Amino acid sequence: MGELRSVRTRCPVCGHIFRAPRVGSYVTVGRETDLCPKFPGRQSDGTRLIRDAITMCPACSFSAAEDFSDLVLTVDERYDIEERLREDGLLKVFRASPPPWLAFHAAEVCGQERGLRFRELGDLCLRASWVCRKEREHPFESTFQLRALRYFIRALREEGLHGRELSLTTYLVGELNRRLGNHREALNWYVNAERTLGGELGRDTGLAWLDRLISEQSKLAREQAA
Ligand SMILES: [Zn+2]
């Protein structure tokens, strides 16, 4: 289950040197309907594998999904990121004993400063919500689902998504709405998601599974809306 090694890492913001876990290849057994991977074995192992996709500096909390050695930050960016991390409310409360979702929140904050796309910021929040669910932190799960939803909607409006990314993002907006109890809104987005697949399925895009998932989740949302 997920060979784990650690890698000597230097924080691009504060220069702190530490050993960060690096997840190797691992086995999944399907996905939940919000695309959260399912892992065999203990729940806590699954949480760890999702969590370790983010590197977090233990000194200043700088976090990112990318390899730290690939990141080049300007002096201004470093300053702004340090400032944001110092002032962030959730980090202030939870830094002393960080829950597994905190790294995603920190990566979101740093990602905003680094100008990441809304689609990527949404993805960080979505993954935070997966970790919260596995850890049974339900209020935080909903908070992150709502944030992911808002980023994904902005990505759809402003980032010109296409192909697979457009279909998956549109579906996720439906699914996150359904999970947050907005069943009618969810149904509209499932219809939109279906439309993005129109015609493309014939060309073997590998998204037949998504077409099936949309049908199943639409049925569920209709039952829940009734
Ligand atoms: Zn640091």
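Just follow the structure's listing: the first ligand is 1, and inside any ligand the first atom is 1. None of these values were measured; they are calculated from a predicted model.
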Donor + acceptor pair across side chains of T170, R195 (<3.5 Å): no

Donor-acceptor pair between D88 and H105 side chains, under 3.5 angstrom: yes

Angular separation of C14 SG and C11 SG about the Zn ion (ligand 1), given to 10°: 110°

N, O or S from H16 under 2.8 Å to the Zn ion (ligand 1): no

Donor-acceptor contact present, side-chain E223 to main-chain L220, <3.5 Å: no

Angle subtended at the Zn ion (ligand 1) by C57 SG and C60 SG, rounded to 10 degrees: 120°

Check: T9 side chain, V7 main-chain N or O, donor-acceptor pair, under 3.5 Å: yes

